[in-house]
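Count residues from 1 along the sequence. Since this is a predicted model, take the numbers as computed values, not measurements.
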Amino acid sequence: MRLLRGVLTPVVSIALVFLFWDLIIRGFNVDTFVAPSPGETLAALRDNWSTLWPLALETIRETVYGFVVGAVLGFVLAVVMAQTKVLQGLIYPVLIVSQAVPIVAIAAPLVILLGFDLAPKVAIVAWIVFFPVAVNVLDGLANVDRDLLNLARAMGGTRSRVFLHIRLPATVSPLYTGLKIGATYAVTGAVIGELVASTGSSLAGFQRESNSSLDTPAVWAAMLLMTAIGIGWFLLVVGVEYLTTPWKHRATRRRLRSAVK
């Protein structure tokens with residue numbers, strides 16, 4: 001029942017968004033060239049599917065590669081910074097500065113450095129993803145139970161074993177928090193990369209061309225597909241978290257059963 005409710009709730013929520021969207025279009029009698037209805041958008045998605053699907057696969061590839069690179073980079077940086085305060089003091093300000101630079105502004109220099117192929121798009125996605133991962137993992141490493149650490153050292157635990165068995169497991173929840181934040185922005189980075197660094201066809205390019213030709217339903221269809229990719233990637237991260245952290249939901253079920261008894 002709990003799993004069914006967890007699936008139905010977001011489905012109902014999305015259905016309400018589509019209903020509200022349709023009511024606005026109908027209630028204010030909005031012209032199609034200004035904003036299409038959900039039905040017109042879905043029809044445009046269906047009519048252009050043969051063109052959109054290969055472009056969507058390329059966007060997904062850029063998102064996946066960039067997300068993995070950013071996640072690994074963020075995790076490694078957090079572990080390095082957590083080793084000594086000196087390293088953290090040197091690296092952390094650089095991370096802040098990197099995020100203060102608008103991603104659109106950094107996209108053009110990356111294209112000059114890396115060319116117009118896949119590399120700049122992956123770099124842009126990684127640039128967006130690594131920061132929330134690094135900050136959250138660093139926070140997890142900094143907030144390990146001190147009593148537990150002292151007990152491990154008192155029992156003869158070496159620095160490497162304490163890190164492997166106590167400090168590293170403490171980063172699991174913060175890591176997934178950072179990954180989920182990064183997942184929501186990863187597609188944004190891929191689309192920005194496509195707008196700046198694509199010489200051929202791309203999902204962002206299709207939307208731009210549709211906008212130039214005043215094909216508003218196609219513009220919204222591309223936007224809907226981009227949104228679906230972002231939601232799908234976020235749900236994938238949530239699913240991996242659910243499978244790899246069984247103690248969270250199992251503990252919840254045990255507490256619920258105890259409360260009922």
Side-chain angles (χ1 to χ4, degrees), residues 48 50-81 87 90-138 175-212 219 221-237 240:
N48 293 282
S50 59
T51 301
L52 287 171
W53 177 239
L55 302 180
L57 287 178
E58 183 63 22
T59 301
I60 292 171
R61 186 165 73 106
E62 297 158 2
T63 302
V64 171
Y65 290 172
F67 185 87
V68 172
V69 171
V72 172
L73 178 61
F75 185 83
V76 171
L77 280 175
V79 171
V80 169
M81 286 189 292
L87 285 174
L90 289 172
I91 298 175
Y92 199 80
V94 178
L95 298 186
I96 301 299
V97 171
S98 73
Q99 298 304 299
V101 180
I103 192 63
V104 177
I106 200 65
L110 286 175
V111 172
I112 295 173
L113 288 171
L114 303 175
F116 287 87
D117 204 358
L118 182 65
K121 302 164 194 173
V122 171
I124 292 169
V125 176
W127 191 283
I128 291 175
V129 171
F130 90 93
F131 184 74
V133 172
V135 170
N136 279 278
V137 171
L138 183 62
L175 172 62
Y176 277 114
T177 299
L179 291 176
K180 285 185 284 190
I181 294 172
T184 59
Y185 294 108
V187 177
T188 301
V191 171
I192 291 173
E194 289 177 350
L195 287 172
V196 177
S198 285
T199 55
S201 299
S202 66
L203 195 56
F206 173 88
Q207 188 182 48
R208 182 167 52 188
E209 291 172 4
S210 299
N211 187 56
S212 300
V219 172
M223 181 185 67
L224 196 64
L225 189 53
M226 294 172 187
T227 304
I229 294 171
I231 293 173
W233 190 241
F234 176 82
L235 292 177
L236 181 62
V237 174
V240 172

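Going from atom CG of Leu55 over to atom CD of Gln207 covers 12.0 Å, rounded to the nearest 0.5 Å. Atom CG of residue Leu203 and atom CG of residue Leu57 lie 10.5 Å apart, to the nearest 0.5 angstrom. Rounding to the nearest 0.5 Å gives a distance of 6.0 Å between CD1 of Ile91 and CE of Met81. How far OG of Ser201 is from CD of Glu209: 6.5 Å, rounded to the nearest 0.5 Å. Remark: Phe67 CZ to Leu179 CG distance equals 4.5 Å, nearest 0.5 Å. The line from CD1 of Ile231 to CG of Leu236 is 13.5 Å long, rounded to the nearest 0.5 Å.
Of all heavy-atom pairs between Ala123 and Leu110, the closest is CB-CD1, 4.3 Å. When all heavy atoms are compared, the tightest approach of Val133 to Gly74 is CG1-C, 4.0 Å. Shortest non-hydrogen contact noted between Val125 and Ala186 is CG2-O, 3.6 Å. Scanning all heavy atoms of the two residues, the minimum distance from Pro120 to Gly115 falls at CG-O, 3.0 Å.
Counting heavy atoms from C-beta on, the side chains of Trp233 and Val64 come closer than 4.5 Å. Looking only at side-chain heavy atoms (C-beta outward), Phe116 and Val111 come within less than 4.5 Å of each other. Put simply, the side chain of Val240 reaches to within 4.5 Å of the side chain of Tyr176, judged on heavy atoms. The shortest distance between side-chain heavy atoms of Phe234 and Val237 does not fall below 4.5 Å. Contact annotation: the side chain of Ile124 never approaches that of Val196 to less than 4.5 Å [non-hydrogen atoms, C-beta and beyond].
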Exercise. For the pair Leu225 and Trp53, evaluate side chain to side chain contact (heavy atoms under 4.5 Å, CB included) and give the outcome as yes or no after the intermediate values.
Key: CA-CA 9 Å; Leu225 189 53; Trp53 177 239; 5.8 Å; no

Exercise. List the steps and the verdict of side chain to side chain contact (heavy atoms under 4.5 Å, CB included) for Leu175 and Asn136.
Key: CA-CA 6 Å; Leu175 172 62; Asn136 279 278; over 6 Å; no

Exercise. Kindly determine whether Thr59 and Met226 satisfy side chain to side chain contact (heavy atoms under 4.5 Å, CB included), including the steps that lead there.
Key: CA-CA 8 Å; Thr59 301; Met226 294 172 187; 5.9 Å; no

Practice problem: Apply the test side chain to side chain contact (heavy atoms under 4.5 Å, CB included) to residues Tyr92 and Val135: give CA-CA distance (whole Å), side-chain angles for both, the deciding distance (0.1 Å), then the verdict. | Solution: CA-CA 9 Å; Tyr92 199 80; Val135 170; 4.1 Å; yes

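Within the 3.5 Å criterion, the main-chain N or O of Ala204 finds a donor-acceptor partner in the side chain of Glu194.
For Phe131, the CZ atom counts as densely surrounded, since its 6.0 Å shell holds more than 12 non-hydrogen atoms of other residues, nucleotides or ligands.
Applying the side-chain hydrogen bond (donor to acceptor under 3.5 Å, both in side chains) test to residues at least two apart or on different chains, the pairs with a partner in residues 60-69 are Glu58-Arg61.
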Identify every side-chain donor-acceptor pair in residues 95-109 under 3.5 Å, counting partners at least two apart or on other chains, and give the distances.
{"from": "Ser98", "atom 1": "OG", "to": "Leu95", "atom 2": "O", "distance (Å)": "2.5"}
{"from": "Gln99", "atom 1": "NE2", "to": "Trp127", "atom 2": "O", "distance (Å)": "3.4"}

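Between Val76 and the choices Val80, Leu73, Val79, the side-chain contact (heavy atoms from CB on, under 4.5 Å) rule is met once, by Val80.
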